[in-house]
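All values below were derived from every heavy atom in this structure, side-chain atoms included, with hydrogens, water molecules and symmetry-related copies excluded.
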Amino acid sequence: MAAVLRGSRYLVGRCCRNVDFAFVSSRSMASKTPVGFVGLGNMGNPMAKNLLKHGYPVIATDVFPESCKEVQELGAQIVDNPAEVADKADRIITMLPSSPNVIEVYTGPNGILKKVKKGSLLIDSSTIDPAVSKEMASAAEKMGAVFMDAPVSGGVGAASLGKLTFMVGGAEEEFTAVQELLSCMGANVVYCGQVGTGQAAKICNNMLLAIGMIGTSETMNLGIRLGLDPKLLAKILNMSSGRCWSSDTYNPVPGVMEGVPSGNNYQGGFGTQLMAKDLGLAQNTATNTKTPVPLGSLAHQIYRMMCARGYASKDFSSVFQFLREEEGQ
């Protein structure tokens, strides 16, 4: 892709400082060129759809072919593997479940880096270990490409509505180009710093989210046991100092709110297994930085127990149901 050289060809002090930015800057001048997308699961599917809605040709793939059907019907071109995506697009977004998946998709036998074009922009929206993001950035740099981490917050609902929050880490000179694409899928696109800082912000957010959901579930359960109507209790909480996202937007008690997983037997949404994974990332980084996170550690153990007791595929708000069952109800 033709691109215009900006004032400074190198970003000093960043992971990608040795990449020639003549190839990767000012991408907005080619705004409707094809965008690659790898990973069409619960989050990736609506994200890719929003790119299509904004007029971007999408070249996509997923390890499960059936996951590609919806976007294909909307006009996306489906290919067999990530390497083929890289062969056809020089702006690629990945949305994958875990660090091993990201490593495989980028560096595996049919990975993106096998056929990546020099100057390509690679945006990873998975939630993974910040150290893995840095490893992928280094590997991409050797191929003349730029890797940026851009994990998301907001869940499936926000993904469908194009209202995600993206936390971006990487070369600051590329942020405008990244923002152009991500704004099609999100309401907020925030630059956090060097590669890995987007992941750091996401891990911190999800640790707080888990703690808040457990606290909301305990509170609602206690109120119900004390004879309070759950809708009334939620109303009071949401006009008081205990108000939080888990109480006013994603309440875990069935029947309190419509359009949330608790009203659908905890189906859809953000899986308990994924929350346990994210809390594990938080624990690893806390250990590495010698940061005390006692509530984060307890939340991790609770979600791991839930996975072991049949809640892995249910939404993480099912911790309310887990607590009720623990007390024999």
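Residues Ser318 and Thr272 are in side-chain contact: their nearest non-hydrogen atoms beyond the backbone lie under 4.5 Å apart. In this structure, Asp278 and Leu209 have side chains that are not in contact, with every pair of non-hydrogen atoms separated by 4.5 Å or more. With a 4.5 Å cut-off on side-chain heavy atoms, Val102 and Thr94 do not count as touching. The side-chain heavy atoms of Met275 and Val319, taken from C-beta on, include no pair separated by under 4.5 Å. The side-chain heavy atoms of Ile128 and Leu96, taken from C-beta on, include no pair separated by under 4.5 Å. Using a 4.5 Å heavy-atom threshold, the side chains of Ser247 and Cys244 count as touching. Residues Glu84 and Thr61 have side chains not in contact (no heavy-atom distance under 4.5 Å, counting atoms from C-beta outward). The shortest distance between side-chain heavy atoms of Lys277 and Thr127 falls below 4.5 Å.
Pairing each heavy atom of Glu70 with each of Asn45, the nearest pair is OE1-OD1, 3.5 Å. Here the closest heavy-atom approach between residue Glu104 and residue Pro109 is recorded as OE2-CD, 3.6 Å. Here the closest heavy-atom approach between residue Gly268 and residue Pro261 is recorded as O-CG, 4.2 Å. The minimum heavy-atom distance linking Ala86 with Ile92 is given by the pair CA-CD1, 3.6 Å. Annotation for Cys184 and Tyr56: closest pair SG-CE1, 3.4 Å, computed over non-hydrogen atoms. Closest heavy-atom contact between Val293 and Met207: CG1-CE, 3.9 Å.
When each of Met167, Met185, Met95 is checked for a side-chain contact (heavy atoms from CB on, under 4.5 Å) with Val152, only Met95 meets the rule.
A salt bridge links Asp248 and Arg243; the closest N-O separation between the charged side-chain nitrogens and carboxylate oxygens is under 4.0 Å.
Linking Ile, Leu, Val, Met, Phe, Trp and Tyr residues whenever their side-chain heavy atoms come within less than 4.5 Å places Tyr303 and Met305 in a single cluster. Residues Leu161 and Ile93 are members of separate hydrophobic clusters, defined by side-chain heavy-atom contacts under 4.5 angstrom among Ile, Leu, Val, Met, Phe, Trp and Tyr. Hydrophobic clustering (side-chain heavy atoms under 4.5 Å, transitive across Ile, Leu, Val, Met, Phe, Trp, Tyr) keeps Trp245 apart from Ile203. Follow the hydrophobic side-chain contacts under 4.5 Å out from Leu298 and you never reach Leu208; the two are in separate clusters. When hydrophobic clusters are built by joining Ile, Leu, Val, Met, Phe, Trp and Tyr residues whose side-chain heavy atoms come closer than 4.5 Å, directly or via intermediates, Phe166 is not grouped with Leu281.
A donor-acceptor distance shorter than 3.5 angstrom exists from the side chain of Asp129 to the backbone of Ala131, with no hydrogens or angles considered. A donor-acceptor distance shorter than 3.5 angstrom exists from the side chain of Lys117 to the backbone of Asp87, with no hydrogens or angles considered. In this structure, the side chain of Tyr191 engages the main chain of Gly193 through a donor-acceptor pair within 3.5 Å. The closest donor-acceptor contact from the side chain of Arg91 to the backbone of Thr33 lies under 3.5 Å. Proximity of a side-chain donor or acceptor of Asp62 to a complementary backbone N or O of Cys68 within less than 3.5 Å is not detected.
Within the model, atoms CD1 of Ile214 and OG of Ser317 stand 12.0 Å from one another, a figure rounded to the nearest 0.5 Å. The CG atom of Leu52 lies 11.5 Å from the CD atom of Gln72; values are rounded to the nearest 0.5 Å. Annotation: the span from Met257 atom CE to Ser262 atom OG amounts to 7.5 Å, rounded to 0.5 Å. Atom CG in Asn50 sits 12.5 Å away from atom CG in Leu181 (nearest 0.5 Å). Atoms OG and CD, on Ser125 and Gln199 in that order, are 9.0 Å from each other to the nearest 0.5 Å. The distance from the CD1 atom of Ile112 to the CG atom of Leu122 is 6.0 Å, given to the nearest 0.5 Å.
Taking the six-membered ring for Trp and thresholds of 30 and 60 degrees, Tyr106 and Phe147 have ring planes more than 60 degrees apart, a perpendicular arrangement. Aromatic ring pairs are classed by plane angle as parallel below 30°, tilted from 30° to 60° and perpendicular above 60°; the pair Tyr311 and Phe322 is perpendicular. The aromatic rings of Phe270 and Phe316 sit perpendicular, their planes meeting at an angle over 60°, well past the 30° parallel limit.
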Are Ile78 and Val71 close enough, and set up right, to give a side chain to side chain contact (heavy atoms under 4.5 Å, CB included), and what steps lead you there? CA-CA 9 Å; Ile78 305 302; Val71 295; 4.0 Å; yes
Under the side chain to side chain contact (heavy atoms under 4.5 Å, CB included) criterion, do Asp149 and Val195 qualify, and how do the steps go? CA-CA 6 Å; Asp149 58 306; Val195 170; 4.0 Å; yes
Should Val260 and Asn251 be marked as a side chain to side chain contact (heavy atoms under 4.5 Å, CB included) after you check the CA-CA gap, both sets of side-chain angles, and the distance that decides it? CA-CA 7 Å; Val260 295; Asn251 198 284; 5.7 Å; no
Using side chain to side chain contact (heavy atoms under 4.5 Å, CB included), reason through Lys314 and Asn265 one step at a time and then give a plain yes or no. CA-CA 8 Å; Lys314 291 191 174 186; Asn265 195 30; 4.0 Å; yes
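Atom CD of Gln301 has more than 12 heavy atoms from other residues, nucleotides or ligands within 6.0 Å. More than 12 heavy atoms of other shown residues, nucleotides or ligands fall within 6.0 angstrom of atom CD in Glu73. Counting non-hydrogen atoms of neighbouring residues, nucleotides and ligands closer than 6.0 angstrom, the CD atom of Gln273 reaches no more than 12 such neighbours. Within a 6.0 Å sphere centred on CG of Asn42, other residues, nucleotides and ligands contribute 12 heavy atoms or fewer.
No side-chain N or O of Asn288 forms a donor-acceptor pair with one of Thr285 less than 3.5 Å apart.
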